[in-house]
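All remarks here apply to the structure that follows.
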There are 2 protein chains.
Amino acid sequence: MELYTYYRSSAAYRVRIALNLKGIAHRLVPVDLLAGEHHSDSYKAIQPQGFVPALKTERGDYISQSTAILEYLEAQYPQPPLLPADSYAAATVRSWASIIACDIHPLNNLRVLKYLTGELQVDEQQKNTWYRHWIETGFTALESQVRAAPYCFGEQVTLADVYLVPQVYNARRFDTDMTAYPKIEAICAACNGLPAFDKAKPESQADAP
Amino acid sequence: MELYTYYRSSAAYRVRIALNLKGIAHRLVPVDLLAGEHHSDSYKAIQPQGFVPALKTERGDYISQSTAILEYLEAQYPQPPLLPADSYAAATVRSWASIIACDIHPLNNLRVLKYLTGELQVDEQQKNTWYRHWIETGFTALESQVRAAPYCFGEQVTLADVYLVPQVYNARRFDTDMTAYPKIEAICAACNGLPAFDKAKPESQADAP
């Protein structure tokens, strides 16, 4: 397998964690977003939107969108499971992942921030306030629901943790005050103590500056 | 089952379609977003974020987030399937659903539009341009990938169609020029010819004005 990645892309970070947790042999292929490599014809043949991540599967097929990639990995490599066996428990985990995947992350994407400061002439301070607003709204919802015992859902690492840790990394980059989210902080500390999470960190990547 | 819904919520619309396609007996419980019913303590006990939809399952549990609800329905009520059996094919369908669920819809949510016109003092025209921009970007990606034969993935109705039809409804509401997306238009016409989609339409809902 090959994962097209960028060290600081939180969607790529999610997939790096999952590949490590499941012990799936893979090669990381960095895509230099700063140099505009994602706009190249060769990359768009792999991921037509020019987004990272993209996964080249063991059969040579390409999959886009981290949510789709993570569900694929879960179906093809069920051990260790990243979703509880019970459908309702799995729905709870997926609903937490969705708070990040749908309610926070899409609003803070680079293309969105560029639209704000470009087309809408939003200044730097307003942009940072926007960024933190969606994190704070989403984290408030998560903090009231997750278990932190020690992971989001309890003793099993799940997709919720896989989504949460990269989002907390982004929150810290934009100086979000994390003191209101002690459970989220504790979950992150527990996750980052695991080699699968540690190895996936942005600063540990080959393409980190 | 009970689905907490609002006639014009496209996330609720997705779930209404899926419940109909699977023939699952359910009751629709309208939540009046205009009257602020979603901010009430009683609704927040069901869905802590105050978002629709929320599903009350056959066991009396509540599930939030349409993505989680749809995966739950697929796992618990596999017939008719809304995902292809092959994992890679399912990933393709989920990646299309994700373009809508993550790249379009979150940016055009009411709470986001309110932030734009409130905190950021964006005017009506800029707001509408923003709305259409994310639809056009996402629909361009989808148009190049979906099959329209006659549905997104071919002869089988899938989750991709379940996400697409409500998004097209929103696109039309905001006067998006759909002529650039003939495949998407054809898919919608095919879907809307099915009773499951027709019955789920906003204008057919009990809470539609």
Side-chain angles (χ1 to χ4, degrees), chain A residues 11 47-51 54-55 57 59 61-76 83 86-99 101-107 109 111-112 115-116 119-122 126-127 129-130 133-134 137-138 140-142 144-145, chain B residues 11 47-51 54-55 57 59 61-76 83 86-99 101-107 109 111-112 115-116 119-122 126-127 129-130 133-134 137-138 140-142 144-145:
Chain A
Q47 210 295 358
Q49 294 173 279
F51 294 171
L55 183 78
T57 70
R59 296 192 307 200
D61 297 315
Y62 292 103
I63 306 176
S64 292
Q65 297 278 346
S66 63
T67 306
I69 295 171
L70 291 167
E71 293 281 352
Y72 174 82
L73 295 177
E74 185 67 5
Q76 290 289 94
L83 286 168
D86 173 71
S87 294
Y88 172 66
T92 302
V93 167
R94 283 199 183 96
S95 73
W96 294 340
S98 261
I99 291 176
C102 300
D103 297 341
I104 302 177
H105 181 253
L107 295 158
N109 244 328
R111 65 190 188 125
V112 175
Y115 193 104
L116 290 175
E119 279 85 342
L120 297 182
Q121 297 283 302
V122 159
Q126 287 175 313
K127 184 192 84 174
T129 303
W130 160 282
H133 173 77
W134 304 114
T137 308
T140 301
L142 278 172
S144 71
Q145 296 178 54
Chain B
Q47 211 295 357
Q49 294 173 279
F51 294 171
L55 183 78
T57 70
R59 296 194 306 202
D61 297 315
Y62 291 104
I63 306 176
S64 291
Q65 298 279 345
S66 63
T67 306
I69 294 171
L70 292 167
E71 293 281 351
Y72 173 83
L73 295 178
E74 185 67 5
Q76 291 289 93
L83 285 169
D86 172 71
S87 294
Y88 172 66
T92 302
V93 167
R94 283 199 182 94
S95 74
W96 295 340
S98 263
I99 291 177
C102 300
D103 298 341
I104 302 177
H105 181 253
L107 295 157
N109 244 329
R111 65 190 188 127
V112 175
Y115 192 105
L116 289 174
E119 279 86 341
L120 297 182
Q121 296 283 301
V122 159
Q126 286 175 313
K127 183 192 85 175
T129 303
W130 159 284
H133 174 76
W134 304 114
T137 308
T140 301
L142 278 172
S144 72
Q145 295 178 54

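All figures in this text were calculated on a predicted structure; none of them were measured in a lab.
Nearest heavy atom pair, residue Ala91(B) against residue Ala68(A), reads O-CB, 3.5 Å. Here the shortest heavy-atom pairing between Gln65(A) and Asp103(B) reads NE2-OD2, 2.8 Å. Closest heavy-atom contact between Cys102(A) and Pro106(B): O-CB, 3.1 Å.
Of the atoms belonging to Thr92(B), not a single heavy atom falls under 4.5 Å from chain A. If you measure heavy-atom distances from Val93(B) to chain A, you find no contacts under 4.5 Å at all. No part of Ala90(B) comes within reach of chain A, as not one of its non-hydrogen atoms sits under 4.5 angstrom from that chain. With a threshold of 4.5 angstrom between heavy atoms, Tyr88(B) approaches chain A through its backbone and through its side chain. With a 4.5 angstrom heavy-atom cutoff, Phe51(B) touches chain A only via side-chain atoms. For Gln145(B), the part sitting under 4.5 Å from any heavy atom of chain A is the side chain, from C-beta outward, and nothing else. Contacts of Thr129(A) with chain B are made by both backbone and side-chain atoms, with heavy-atom separations under 4.5 Å. With a 4.5 Å cut-off on non-hydrogen atoms, His105(B) does not touch chain A at all. Heavy-atom distances place both the backbone and the side chain of Arg111(B) under 4.5 Å from chain A.
Aromatic ring pairs are classed by plane angle as parallel below 30°, tilted from 30° to 60° and perpendicular above 60°; the pair Tyr115(A) and Trp134(B) is tilted.
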Applying side-chain contact (heavy atoms from CB on, under 4.5 Å), run through Leu116(B) and Leu116(A) and close with a yes or a no. CA-CA 10 Å; Leu116(B) 289 174; Leu116(A) 290 175; 4.3 Å; yes
Checking Leu120(B) against Leu120(A) for the side-chain contact (heavy atoms from CB on, under 4.5 Å) test, could you report, in this order, the C-alpha distance in whole Å, the side-chain angles of both residues, the deciding distance, and whether it holds? CA-CA 9 Å; Leu120(B) 297 182; Leu120(A) 297 182; 5.6 Å; no
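For the side chain to side chain donor-acceptor pair (under 3.5 Å) test, no residue two or more places apart in sequence or in another chain qualifies with Gln126(B). For the side chain to side chain donor-acceptor pair (under 3.5 Å) test, no residue two or more places apart in sequence or in another chain qualifies with Thr57(A).
When Tyr72(B), Tyr62(B), Trp96(B) are compared by the number of non-hydrogen pairs under 4.5 Å with chain A, Tyr72(B) comes out ahead. Here Ile99(B) is the residue among Val122(B), Ile99(B), Asn109(B) with the most heavy-atom pairs under 4.5 Å with chain A.
The OG atom of Ser98(B) lies 11.5 Å from the CD1 atom of Ile63(A); values are rounded to the nearest 0.5 Å. Between atom CD of residue Glu71(A) and atom CD of residue Glu71(B) there is a gap of 4.5 Å, rounded to the nearest 0.5 Å. Atom OG1 in Thr140(B) sits 10.0 Å away from atom CD in Gln49(A) (nearest 0.5 Å). Of the inter-residue distances, the one linking Gln47(B) atom CD with Ser95(A) atom OG reads 8.5 Å to the nearest 0.5 angstrom.
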